[in-house]
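Computed from a predicted structure; not experimentally measured.
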Amino acid sequence: MTPKHEKQEFVTVLVRDPRTQKEDSWHSYIDYEIFIHTNSMCFTRKTSCVRRRFREFVWLRQRLQSNAVLIQLPELPSKTPFFNMNNPHHVDHRRQGLQEFLEKILQDALLLSDSRLHLFLQTQLSPEDMEACVSGQTKYSVADAIHKFASLNRRFPIEDEERKKDKNDADSDSESSSSGLGPSDDSISCGCKANPASEES
């Protein structure tokens, strides 16, 4: 048997369930569910589910590129004027492209250290609010935002069970919190070293 700390890390990401949303009486858009399941120490929550639209993916790619200029980021599916949200083939082709984009992003350790990526994947904050959070202009830290979203959207009882089991197995010194709000739900302080925004506030 291999010791617990030698388990191989994995990150599973699924982009699924495209839905048409009304923006106003004239405009609609499609958003997609992003499901994450991981045992990686880089993630505050081990399971999460959010919805994002295409232009938020565009924003994420631009921000990641500006923070990692030496890395060639994968491309998003092209934004074509011929995209038809009523055409299931067009929608599914875009969904597949978005999933491939995230799968490649999540394989890069440098990109995984960007707090914007974690807020994008594990909260419903708008791009403006993500920027404010990462730059320390909010009362909450990155980890606080992720925990708050998770507590409002409990859909994963298995993770709660795993956390209770892990807490029983953990040493007593793992009860410290990086947010100053009491014991943390996950070991945030043990996450990726290069995730500074989760320790800013």
Side-chain angles (χ1 to χ4, degrees), residues 7-21 29-80 83 85 87-131 133-134 142-143 145-150 152-153 155-156 158-159 186 188 191-198:
K7 281 184 185 173
Q8 187 171 0
E9 286 194 353
F10 69 88
V11 181
T12 301
V13 59
L14 297 173
V15 178
R16 60 191 187 186
D17 189 24
R19 292 185 191 169
T20 303
Q21 309 288 354
Y29 64 90
I30 292 181
D31 68 5
Y32 303 83
E33 182 180 82
I34 304 170
F35 171 77
I36 295 282
H37 180 63
T38 183
N39 66 353
S40 170
M41 298 292 282
C42 296
F43 284 82
T44 304
R45 303 291 301 183
K46 303 310 173 199
T47 314
S48 63
C49 202
V50 298
R51 297 197 70 84
R52 295 287 180 192
R53 60 189 294 184
F54 184 79
R55 76 172 169 202
E56 292 173 311
F57 279 87
V58 173
W59 170 85
L60 175 67
R61 188 182 185 284
Q62 289 170 346
R63 299 311 301 145
L64 292 175
Q65 188 67 78
S66 68
N67 290 337
V69 288
L70 299 178
I71 294 176
Q72 182 59 47
L73 263 69
E75 294 297 326
L76 288 165
S78 58
K79 187 164 185 174
T80 167
F83 180 80
M85 68 172 57
N87 182 326
H89 175 72
H90 287 189
V91 172
D92 194 58
H93 183 263
R94 179 174 280 182
R95 181 202 61 74
Q96 287 174 0
L98 295 174
Q99 177 157 332
E100 289 167 13
F101 169 76
L102 288 178
E103 286 171 346
K104 290 173 184 168
I105 291 291
L106 292 171
Q107 291 172 14
D108 190 293
L110 180 61
L111 298 176
L112 264 178
S113 70
D114 194 309
S115 297
R116 289 172 190 84
L117 176 62
H118 292 271
L119 289 170
F120 178 86
L121 293 172
Q122 299 201 295
T123 75
Q124 282 299 158
L125 292 178
S126 68
E128 296 78 19
D129 290 340
M130 286 187 265
E131 285 292 353
C133 182
V134 167
V142 171
I146 292 170
H147 283 302
K148 173 114 175 141
F149 177 74
L152 295 173
N153 295 280
R155 290 177 53 183
F156 307 109
I158 293 170
E159 183 178 329
D186 294 299
I188 303 162
C192 286
K193 288 182 272 185
N195 193 355
S198 63

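Summarising the geometry, atom CD belonging to Q65 is positioned 11.0 Å from atom CG belonging to L60; distances are rounded to the nearest 0.5 Å. A distance of 6.5 Å separates CZ in R61 from CZ in F101, rounded to the nearest 0.5 Å. How far CZ of R16 is from CD1 of I34: 11.0 Å, rounded to the nearest 0.5 Å. Note that the CG atom of L125 and the OG1 atom of T123 stand 3.5 Å from one another [nearest 0.5 Å]. In this structure, L76 CG and Q62 CD are separated by 9.0 Å, a value rounded to the nearest 0.5 Å. Note that the OG1 atom of T44 and the CE atom of M41 stand 11.0 Å from one another [nearest 0.5 Å].
In this structure, N39 contributes its side chain and Q8 its backbone to a donor-acceptor pair below 3.5 Å. With hydrogens and angles ignored, the 3.5 Å screen pairs no side-chain donor or acceptor of Q122 with any backbone N or O of L119. Side-chain atoms of E33 do not come within 3.5 Å of backbone N or O of C49 as any donor-acceptor pair. With hydrogens and angles disregarded, a donor-acceptor distance shorter than 3.5 Å links the side chain of R95 to the backbone of V15. S66 places a side-chain N or O within donor-acceptor distance of the main-chain N or O of R63, the cut-off being under 3.5 Å. In this structure, the side chain of H93 does not engage the main chain of P88 through any donor-acceptor pair within 3.5 Å.
Using a 4.0 Å cut-off between charged side-chain N and carboxylate O, D92 and R94 make no salt bridge.
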| message | Test side chain to side chain contact (heavy atoms under 4.5 Å, CB included) on F149 and V50; report intermediate values, then the result. | response | CA-CA 9 Å; F149 177 74; V50 298; 3.5 Å; yes
| message | Could you walk me through whether I36 and T12 satisfy the side chain to side chain contact (heavy atoms under 4.5 Å, CB included) test, starting with their C-alpha distance in whole Å, then the side-chain angles of each, then the deciding distance to 0.1 Å, before giving a yes or no? | response | CA-CA 6 Å; I36 295 282; T12 301; over 6 Å; no
| request: Go through E103 and Q99 one step at a time and tell me if the side chain to side chain donor-acceptor pair (under 3.5 Å) criterion holds. | output: CA-CA 6 Å; E103 286 171 346; Q99 177 157 332; 3.0 Å; yes
| query | Going through the checks in order, is the salt bridge (charged side-chain N to carboxylate O under 4.0 Å, His left out) test met by D31 and R51? | reply | CA-CA 6 Å; D31 68 5; R51 297 197 70 84; 2.9 Å; yes
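Looking at residues two or more places apart in sequence or on another chain, you find no ring pair (Phe, Tyr, Trp, His ring centres under 6.0 Å) involving Y32. Residues meeting the salt bridge (Lys or Arg N to Asp or Glu O under 4.0 Å) test with D129, sequence neighbours left out: none. F54 pairs by the ring pair (Phe, Tyr, Trp, His ring centres under 6.0 Å) definition with nothing, not counting sequence neighbours.
A parallel orientation is assigned to the rings of F35 and H37, their planes being inclined by less than 30° (bins at 30° and 60°).
L106 has its side chain out of reach of T38: every pair of non-hydrogen atoms, C-beta onward, lies at least 4.5 Å apart.
Within 6.0 Å of atom NE2 in H90, more than 12 heavy atoms from other residues, nucleotides or ligands are found, so the atom counts as buried in its surroundings.
Cation-pi check for R52 over F120 is met; the charged atom lies under 6.0 angstrom from the ring centroid and within 45 degrees of its normal.
Using a 3.5 Å distance cut-off with no hydrogens or angles, the side chains of Q96 and E100 do not pair a donor with an acceptor.
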